[in-house]
2 protein chains.
Amino acid sequence: MTDQKNQSIGLTAVSSAESDAILCKSCTLDSLCHPKSVQPHTLEILDKVLSRGVRYSKGEYLFHQGEPFDAVYAVRSGSLKTYVVTSNGQEQITNFYFATEMTGLSGLNMSIYPVSAVAMETTTVCKIPFAKLEELSLQIPELRESIYGTIGKELHNFEEMMLTLSKKNADERLATFLMNLSCRYKKRGYSASSFRLTMSRNEIGNFLGLAVETVSRVFSKFQKQQFIKVEGKEIQLLKPDRLSEISGNASSLDDIKITQ
Amino acid sequence: MTDQKNQSIGLTAVSSAESDAILCKSCTLDSLCHPKSVQPHTLEILDKVLSRGVRYSKGEYLFHQGEPFDAVYAVRSGSLKTYVVTSNGQEQITNFYFATEMTGLSGLNMSIYPVSAVAMETTTVCKIPFAKLEELSLQIPELRESIYGTIGKELHNFEEMMLTLSKKNADERLATFLMNLSCRYKKRGYSASSFRLTMSRNEIGNFLGLAVETVSRVFSKFQKQQFIKVEGKEIQLLKPDRLSEISGNASSLDDIKITQ
DNA sequence: CGGCGGCTTGACTGGTATCAAGTACCGTGG
DNA sequence: CCACGGTACTTGATACCAGTCAAGCCGCCG
């Protein structure tokens, strides 16, 4: 593991390194910059308003629940999680975010962020002041569309998540989770069948509404069944079709249409 | 209270009847028309693009999952639910919507609606073609803000829902649900402590990830404990503070700040 | 090398689903 | 108007999945 791999997860494709000097021109954050719709000059404009390549170490916060909302964040490399806390101190991870994904949206036009966002590893992001984004969107309609697209996806993602939490058993939840990660990695040019989990078993359990022990048990079971190969945080999907079946999820096929 | 606002909110106040001839001028769908920010002429403009007072009977669909996305809907009276369906036919209700609330947003800039929306009783809505909304938003910045606010609320709502489904037991879920309804009714000028459920026990269970029988049992238990009074679909909250405690939810207090 | 946190595995428990039966309610048709 | 049938709801008995508790292992870092 020359482990640069996980630099991988970052924008290998975007640039070989994590140089903070990258311009948006060379960045493929798909949520902001659909290749098909964005003109070169758009990117130049973006370059002027973004704080590019802001770096967070593992455990550092992009923002805390309750802080005033002022910006959304596009992940360039690394990964982060968002979570809500209840009055009695319970935490619920609401999502994980990887390179090219955007977070902070649920603060939209609310005075505060309703969640906290924290880096799960060394992570670089573009901080996008919302006011600026609004300004820019007036000049660049594609930017607006792109934002709406991101919002739509996020809303739908949450809806699917409700289904997972409400209706699926432990096996199905884990299968859904793995297939979801697989899709997201594939989309950004990494292997769909072999990747490294950036989150702990504890975090997976928290996210999926399961105890750590259950996550561990299901991983072991899937391995015994030869559906996956687990080595610590390294995961290989040996029978993605089988997992997809188990997940009972149409949505993991949304982009890929493996079956039917 | 003489201000348009509150009477506003419920559409009861908007007009005594459900006349389809109501103009937006007289409607204060708070998601579209924040009293503070919307100018009279805004409403006149809105009047021109909306299909006002479209009527659906119980069981009729506003849109089906998979249909092309073209509009969002603001509820004027009645109520509806949205739900997703999995490949294996399981359904998950993702939300209920009442007067003044907006639905259809998760189709935003996706080619299709990822959910279905169906009326739970006789319901009237304003259909707002999304393209028109975009056009208008260019002229009326407050309209845009209003939409963003609605989106932010919806995202946050889903995040809270994930917490509920993932971390709370049956009692806590039902308490959360009741307090949530209470808040929403109160906000639009109805009693916070006495209301009529427009959905069946089955739908409540589906939404909360519980079996019908469990919903029924918890209602009975709460009644025995004198927290609520249940008579079919009529609900009275006898000890809302107690329910709020049980719900363990800070968010139900977001707007109200009962405690602390 | 030692300690600590993350992970795994086993035994037991408990909350909720499931199955089953009975009751209340509502719309329909006679 | 009432009889009827079906659906929604309630309540009880039982089963099972996943949580909890407990112990041990692994791997990492100082």
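We name chains A, B, ... by the order of the sequence lines, and we start the count at 1 in each one.
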**Message:** With a 4.0 Å limit, can you tell me whether Lys233(A) has a side-chain N or O closer than that to the phosphate oxygens OP1/OP2 of dC7(C)?
**Reply:**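 Answer is yes, contact under 4.0 Å.
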**Request:** For dA18(D), take OP1 and OP2 only and decide whether either is under 4.0 Å from a side-chain N or O of Thr214(A).
**Result:**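 It does not, given that no N or O in the side chain of Thr214(A) lies less than 4.0 Å from OP1 or OP2 of dA18(D).
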Find the distance [X]:[atom1] to [N]:[atom2] and express it as a whole number of Å.
| X | N | atom1 | atom2 | answer |
| --- | --- | --- | --- | --- |
| Asp171(B) | dT16(C) | CG | P | 7 Å |
| Leu197(A) | dG27(D) | CG | P | 16 Å |
| Arg201(B) | dC26(C) | CZ | P | 12 Å |
| Lys168(A) | dA18(D) | NZ | C1' | 18 Å |
| Lys221(A) | dG10(C) | NZ | P | 14 Å |
| Asn169(A) | dG15(C) | CG | P | 21 Å |
| Glu231(A) | dC26(D) | CD | C1' | 13 Å |
| Lys224(A) | dG10(C) | NZ | C1' | 12 Å |

Please find out if less than 6.0 Å separates the ring center of [X] from that of [Y].
| X | Y | value |
| --- | --- | --- |
| Tyr73(A) | Tyr97(A) | no |
| Tyr190(B) | Phe195(B) | no |
| Phe98(A) | Tyr185(A) | yes |

Tell me which nucleotide among [options] gets nearest to the side chain of [X].
| X | options | answer |
| --- | --- | --- |
| Ser220(B) | dT11(D), dT8(C), dC17(D) | dT11(D) |
| Arg217(A) | dC9(D), dA17(C), dG10(C) | dG10(C) |
| Ala170(A) | dT9(C), dA8(D), dA18(D) | dA18(D) |
| Glu213(A) | dT10(D), dA22(D), dC19(C) | dA22(D) |

**Prompt:** For Gly209(A), which contact category applies under a 4.0 Å heavy-atom criterion: base, sugar-phosphate, or nothing?
**Reply:**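 The residue Gly209(A) makes sugar-phosphate contact but no base contact.
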**Request:** Looking at every strand, decide which applies to Ser200(A) at a 4.0 Å heavy-atom threshold: base, sugar-phosphate, or nothing.
**Result:**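 Touches sugar-phosphate only.
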**Asked** So with a 6.0 Å cut-off around NZ of Lys127(A), is the heavy-atom count from everything else above 12?
**Response**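 Not buried by this count: 12 neighbours or fewer within 6.0 Å.
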**Asked** Is a donor on one side and an acceptor on the other found under 3.5 Å between the side chain of Ser106(B) and the backbone of His156(A)?
**Response**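 Not confirmed, Ser106(B) side chain does not pair with His156(A) backbone.
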